[in-house]
Amino acid sequence: MSDSGPSEETRAPDARPVVGRLAPSPTGLLHLGNAWAFLLAWLSARSKGGRVLLRMEDLDPQRSRPAFAAAIVDDLHWLGLDWDAGPEGGDAAPGLGPMVQSQRGHIYAGAMARLESAGLTYPCFCSRKELRQLASAPHAGEEGPVAPDPCRSLTAAERQRLFADGRHAALRLRSPDEAVCFSDMFQGPQAFSPEAFGGDFALRRSDGVVAYQLAVAVDDGLMDVTEVVRGRDLLPSTPRQLLVMRFLGLTPPTYAHIPLLLDSEGERLAKRHASLSLAALRAAGARPEAVVGYLGRLAGINPGGRPVRPRELVGRFSPAALPRGDLRVMEEDMARLMSPNDG
Ligand code: GLU
């Protein structure tokens, strides 16, 4: 908590119907760590009789591939997860709009225009190199300098001159100089200072690509998502998403940031762990029930790891059963998953 009057995003229990979401980025194949997070997000919503949305987060044109999006949908079906509205379209999602972020550009543009006209943003002309020099915390990355951005205080005339010179600008949020506080269902009370959440983070990159933070906040708000269950690596994004929602008058969901799956060396599972992609497990003969049974065991709700379908775990799901810390995926577990006699 800071002395400057931290904002408190925690509020009365959400009376809206439960809506959870799965939000993959089609920048690679799903791996076991994604399956873990998506299974828990799905179980959390379904165990409360809630709806589940599948939203394809393909905003980054350099990294997203339609073939990965198709493979992700296929892998999620294979696992036994379902959703009430998703990228396939149809009329399952009246009023929600497309469930594919690359088709929601007009919605994000409208949100940014509202923030801009409320004076809550500014164009930033700094190059990556200049940002790196400004950043006192290297992890702030390209989303924003932690040190005061000189572009924050440019005059209208200076901005016009830079635009007239053909300079491209990112759009940054004028973040308040105070902590953002919220209560994570799993990690407990959180307080992020501006230094910790990245200060005036970017809503749109200088090449025009809409930033993840803006898109996710707008989508979770407009889609009436009531709970976000995702890996704890995304915890530092939450204060940024809460700020965007606050400034746009959107009701935030509750957040549960769950432990991560690690490889046998203790490294977080990532797209480069090709042998732990669901596609590789499938190709090696793993059955979806065995994968879900194993993940259910890790979640503390399927002792012994018996092969199961996700829906068999719905009645057993309990956040209290989840381990507190990250979990290692051991090679012998993988070997068992791929054994044809499993189950
Ligand atoms: N699309 C993001 C990712 O795959 C996750 C977004 C979220 O759950 O908020 O990393």
Side-chain angles (χ1 to χ4, degrees), residues 1 9-10 20-25 28 30-48 79 81 137 139 141 179-193 196-198 227-242 253-278 281 286 290-308 310 313-314 316-337:
M1 298 274 170
E9 309 286 342
T10 320
R21 51 47 156 206
L22 316 178
S25 297
L30 288 190
H31 54 71
L32 203 58
N34 302 125
W36 157 256
F38 291 147
L39 175 66
L40 292 179
W42 185 91
L43 285 172
S44 176
R46 293 293 192 220
S47 67
K48 301 174 192 118
L79 268 182
L81 301 183
H139 64 261
V180 175
C181 303
F182 59 97
S183 183
D184 186 87
M185 305 286 275
F186 203 73
Q187 308 287 340
Q190 304 292 317
F192 280 83
S193 65
F197 69 70
E227 56 171 57
V228 167
V229 177
R230 60 188 179 190
R232 67 163 182 81
D233 52 326
L234 287 168
L235 186 65
S237 287
T238 305
R240 291 176 249 184
Q241 293 166 18
L242 285 171
T254 54
Y255 293 91
H257 287 89
I258 57 172
L260 303 175
L261 293 197
L262 311 177
D263 68 11
S264 51
E265 311 286 301
E267 286 288 315
R268 176 164 78 87
L269 291 197
K271 299 209 156 117
R272 68 198 144 73
H273 289 86
S275 65
L276 293 179
S277 71
L278 293 189
L281 294 174
V291 174
V292 172
Y294 167 67
L295 296 174
R297 171 162 77 77
L298 295 183
I301 52 174
N302 189 33
R306 190 177 67 80
V308 283
L313 294 177
V314 167
R316 291 191 238 161
F317 177 73
S318 159
L322 277 177
R324 308 311 298 174
D326 294 342
L327 293 147
R328 276 186 198 218
V329 172
M330 306 311 283
E331 270 149 35
E332 55 270 27
D333 292 330
M334 289 305 98
R336 271 190 55 206
L337 276 188

Would you please say whether a donor-acceptor pair under 3.5 Å links the side chains of Glu227 and Ser44?
-> yes
Whether Gln190 side chain and Gly188 backbone form a donor-acceptor pair below 3.5 Å = yes
What's the spacing between Leu43 CG and Lys48 NZ if we round to 0.5 Å?
-> 10.5 Å
Indicate yes or no: at least one non-hydrogen side-chain atom of Val308 is less than 4.5 angstrom from one of Arg306.
-> yes
List in chain and number order the residues that pass salt bridge (charged side-chain N to carboxylate O under 4.0 Å, His left out) with Glu331, two or more places apart in sequence or in another chain; answer none if no residue qualifies.
-> none
Hey, does the side chain of Asp263 reach the backbone of Leu269 with a donor-acceptor pair shorter than 3.5 angstrom?
-> no
Side chains of Phe182 and Phe192 in contact at under 4.5 Å (non-hydrogen atoms) = yes
Hey, does the side chain of Asp184 reach the backbone of His257 with a donor-acceptor pair shorter than 3.5 angstrom?
-> yes
Any sub-3.5 Å donor-acceptor pair from Asp333's side-chain atoms to Leu337's backbone N or O?
-> no
Work out which heavy atom in Pro323 is nearest to a heavy atom in Leu327; give both atom names and the distance.
-> CG-CD1, 3.5 Å
Backbone N or O of Gly33 within a donor-acceptor pair of the Arg268 side chain at under 3.5 Å?
-> no
Name all residues meeting the side-chain contact (heavy atoms from CB on, under 4.5 Å) criterion together with Ala335; count only those two or more places apart in sequence or in a different chain, and write none if there are none.
-> none
Do any N or O atoms from the side chain of Asp326 and from the backbone of Pro259 form a donor-acceptor pair under 3.5 angstrom?
-> no
Close side-chain approach of Leu278 to Asn34, heavy-atom, < 4.5 Å | no
Over all heavy atoms of both residues, which pair between Ile301 and Ser318 is shortest? Give the atoms and the distance, please.
-> CG2-N, 4.0 Å
Show your reasoning for whether side chain to side chain contact (heavy atoms under 4.5 Å, CB included) applies to Arg316 and Asn302.
-> CA-CA 8 Å; Arg316 291 191 238 161; Asn302 189 33; 3.1 Å; yes
Min side-chain heavy-atom separation Leu242-Pro239 under 4.5 Å = no
Considering only heavy atoms from C-beta outward, does the side chain of Phe186 approach that of Arg232 to under 4.5 Å?
-> no
Indicate whether any N or O donor in one side chain lies under 3.5 Å from an N or O acceptor in the other, for Thr238 and Arg230.
-> yes
Residues forming a side-chain contact (heavy atoms from CB on, under 4.5 Å) with Pro310, sequence neighbours excluded = Leu39, Trp42, Leu81, Val292
Would you mind reporting whether Tyr255 and Leu235 have side-chain heavy atoms less than 4.5 Å apart?
-> no
Closest heavy-atom pair and its distance - Phe317, Ser47 = CD2-OG, 3.6 Å
For residues 30-46, pull every pair meeting salt bridge (Lys or Arg N to Asp or Glu O under 4.0 Å), keeping only residues two or more places apart or in separate chains.
-> Arg46-Asp82, Arg46-Asp84
Leu322 side chain near Leu40 side chain, heavy-atom distance below 4.5 Å | yes
Across all chains, not counting sequence neighbours, the side-chain contact (heavy atoms from CB on, under 4.5 Å) partners of Arg328 are Leu262, Met330
State the CD-CD1 distance between Gln187 and Ile258, to the nearest 0.5 angstrom.
-> 9.5 Å
Where do Leu32 and Met334 land on the side chain to side chain contact (heavy atoms under 4.5 Å, CB included) test, with the steps shown first?
-> CA-CA 10 Å; Leu32 203 58; Met334 289 305 98; 3.5 Å; yes
Could you check Leu30 against Phe38 for side chain to side chain contact (heavy atoms under 4.5 Å, CB included), going step by step and ending with a plain yes or no?
-> CA-CA 10 Å; Leu30 288 190; Phe38 291 147; 3.8 Å; yes
By side-chain contact (heavy atoms from CB on, under 4.5 Å), Ala23 pairs with (sequence neighbours left out) Arg21, Arg55, Glu57
